[in-house]
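Input: a single structure, listed below in structure tokens.
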2 protein chains.
Amino acid sequence: MYRIGELAQLCEVKTDTLRFYEKHGLLSPSSRTDSGYRIYTENDAERLRFILRAKAVGFTLAEITELLSIELDKSNWACADVKGLVDDKLANVEAKIAELNHFQLSLQRLSQACCGGPESAEHCSILEALESSTDNIRCENHSHTHDDVQFTKNCQNKAVSKNSKEK
Amino acid sequence: MYRIGELAQLCEVKTDTLRFYEKHGLLSPSSRTDSGYRIYTENDAERLRFILRAKAVGFTLAEITELLSIELDKSNWACADVKGLVDDKLANVEAKIAELNHFQLSLQRLSQACCGGPESAEHCSILEALESSTDNIRCENHSHTHDDVQFTKNCQNKAVSKNSKEK
DNA sequence: CTTGACCTTGGATACAACTCCAAGGTTTAT
DNA sequence: ATAAACCTTGGAGTTGTATCCAAGGTCAAG
């Protein structure tokens, strides 16, 4: 039997979070003291751990609600139902990964095109790429020959001095 | 010169979005008609395209606000500043990818452990994994020998019938 | 009997990026 | 002159997941 603060500490969540889960139907205390304090059983703690594990693999609270309703009535559900939820989520996660991979690639290209040096950003390849089509990013070396003397000034060299934070 | 609806159509956003960007300081029309209609110039349209391109590589509106303030005052910023924003974002995106990859792996393991068949979920490996440590997921075949006769009933076989949706 | 740590409730706030609505004014086409 | 299509404003709603707050009740120690 735990009071809300005890369960919270045990599972490393905040009491607010437990009340939030209760309000949203994920986890209600099995009973209350006469004075109204929430009392959670070991069973409730297990349910909370179920929730937290499901969160840890990426499920949203809405999805966890579904999982919980299956969990409480297993015999009326098929493996197919459960696996369906997992596979839907997987597809969902993979779609997000694909989007982020796209962002990553674009950002890498932008980053590579820019010297990152202390020079004025007036001819920064990144800004230029954002000013026109994102597709054709060109290195600062040959993007602007506004000053032929500084031909190589804007690329590669200066970058080294600043980027000690690269792992 | 565009009215809000024209610019919206041109750039495939909603008029609400343009007003939203204005309210948040990203893009204001260069002028208004006597009756108060917003009037956007070609310059404004370019600025909008800048915003949309930045969004397309993953920047949030807050980050785009920074980019725009650099863009409007390039000579007082260095390439390092711009590249810094890109690299920060890149790190950010990569962190999210890492998290999602973790979700993906967990979900794949869960999915693989479950037959996905029409059998009762009473011994579903996915639910069992969520009931206890997420780490040791075992296939339904050997997870429960509560009924030796049905040893292979719960795995692999039935899955084929349902999963025609796998691409 | 007071202090401090705990608990209660309802409601507000936060983030991101819109999206929608109502009530009314303007423009354009017929 | 009137209907359709456009525009204005301020403000509310959405999704997801909490987090925080204020005003007050409860409990155990000293």
Side-chain angles (χ1 to χ4, degrees), chain A residues 1-40 44 48 50-68 88-89 92-93 95-96 99-100 103, chain B residues 1-40 44 48 50-68 88-89 92-93 95-96 99-100 103:
Chain A
M1 304 296 226
Y2 311 101
R3 280 187 308 177
I4 193 168
E6 291 167 344
L7 180 59
Q9 197 169 18
L10 187 65
C11 293
E12 296 176 283
V13 296
K14 303 220 168 152
T15 56
D16 275 333
T17 302
L18 293 179
R19 292 194 199 95
F20 176 79
Y21 286 173
E22 183 177 348
K23 185 158 56 178
H24 288 73
L26 282 104
L27 176 69
S28 294
S30 292
S31 59
R32 298 269 188 150
T33 65
D34 290 347
S35 57
Y37 283 20
R38 289 169 177 79
I39 295 296
Y40 296 90
D44 297 330
L48 176 56
F50 183 100
I51 293 168
L52 297 177
R53 277 179 215 116
K55 260 176 66 71
V57 302
F59 285 109
T60 65
L61 297 187
E63 291 158 348
I64 294 171
T65 299
E66 276 196 271
L67 281 170
L68 283 168
D88 285 356
K89 187 72 203 177
N92 191 298
V93 165
K96 270 187 209 148
E99 188 189 17
L100 289 176
F103 288 163
Chain B
M1 305 294 224
Y2 310 101
R3 281 188 309 181
I4 194 168
E6 291 166 345
L7 180 59
Q9 199 170 16
L10 188 64
C11 294
E12 297 176 282
V13 297
K14 304 219 169 154
T15 56
D16 276 333
T17 301
L18 294 179
R19 293 193 198 95
F20 176 80
Y21 287 172
E22 182 177 349
K23 186 159 55 179
H24 288 71
L26 283 104
L27 176 69
S28 294
S30 291
S31 58
R32 296 269 187 149
T33 65
D34 291 347
S35 57
Y37 283 21
R38 290 168 176 80
I39 296 295
Y40 297 90
D44 297 331
L48 177 55
F50 183 101
I51 293 168
L52 296 177
R53 276 179 216 114
K55 260 176 65 72
V57 302
F59 284 109
T60 64
L61 297 188
E63 291 157 349
I64 294 171
T65 299
E66 278 196 89
L67 281 170
L68 283 169
D88 286 354
K89 187 71 202 178
N92 190 298
V93 165
K96 269 186 212 149
E99 188 189 15
L100 289 176
F103 288 164

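In what follows, chains are A, B, ... by sequence order, proteins preceding strands, each numbered from 1.
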N or O in side chain of B/Arg38 less than 4.0 angstrom from D/dC7 OP1/OP2: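 It does not, given that no N or O in the side chain of B/Arg38 lies less than 4.0 Å from OP1 or OP2 of D/dC7.
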Is B/Arg32 close enough to D/dT9 that one of its side-chain N or O atoms is under 4.0 Å from OP1 or OP2 there?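 Answer is yes, contact under 4.0 Å.
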[X] side chain near [Y] side chain, heavy-atom distance below 4.5 Å:
X: A/Phe20; Y: A/Leu26; value: no
X: B/Tyr2; Y: B/Asp44; value: no
X: B/Leu48; Y: B/Tyr40; value: no

A/Thr60 backbone acceptor or donor facing A/Glu63 side chain under 3.5 Å: yes
Of B/Leu61 and B/Thr33, the one whose closest DNA chain C nucleotide lies more 5': B/Leu61
Of B/Lys55 and B/Arg3, whose nearest nucleotide on DNA chain C comes first from the 5' end?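 Nearest nucleotide further toward 5': that of B/Lys55.
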Within residues 16-26 of chain A, residues whose heavy atoms come under 4.0 Å of DNA chain D: A/Asp16, A/Thr17, A/Phe20, A/Tyr21
In this structure, are over 12 heavy atoms from other groups packed under 6.0 Å from A/Gln9 atom CD?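 12 or below, so no.
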Within a 6.0 Å radius of atom CD on A/Glu22, are there more than 12 heavy atoms belonging to other residues, nucleotides or ligands? yes
Between A/Tyr37 and B/Ile4, name the one whose nearest nucleotide on DNA chain D is closer to the 5' end. B/Ile4
Would you kindly give the [atom1]-to-[atom2] distance between [X] and [N], to the nearest whole Å?
X: A/Asp34; N: D/dG25; atom1: CG; atom2: C1'; answer: 14 Å
X: A/Leu48; N: D/dA18; atom1: CG; atom2: P; answer: 11 Å
X: B/Lys14; N: D/dC7; atom1: NZ; atom2: C1'; answer: 17 Å
X: A/Glu66; N: D/dG16; atom1: CD; atom2: C1'; answer: 16 Å
X: B/Leu10; N: D/dC6; atom1: CG; atom2: P; answer: 15 Å
X: B/Ile39; N: D/dC6; atom1: CD1; atom2: C1'; answer: 12 Å
X: A/Tyr2; N: C/dC6; atom1: OH; atom2: C1'; answer: 18 Å
X: B/Ile51; N: C/dA16; atom1: CD1; atom2: P; answer: 16 Å

For residues B/Leu67 and B/Ala54, report the shortest heavy-atom separation together with the two atoms involved. CD1-CB, 4.3 Å
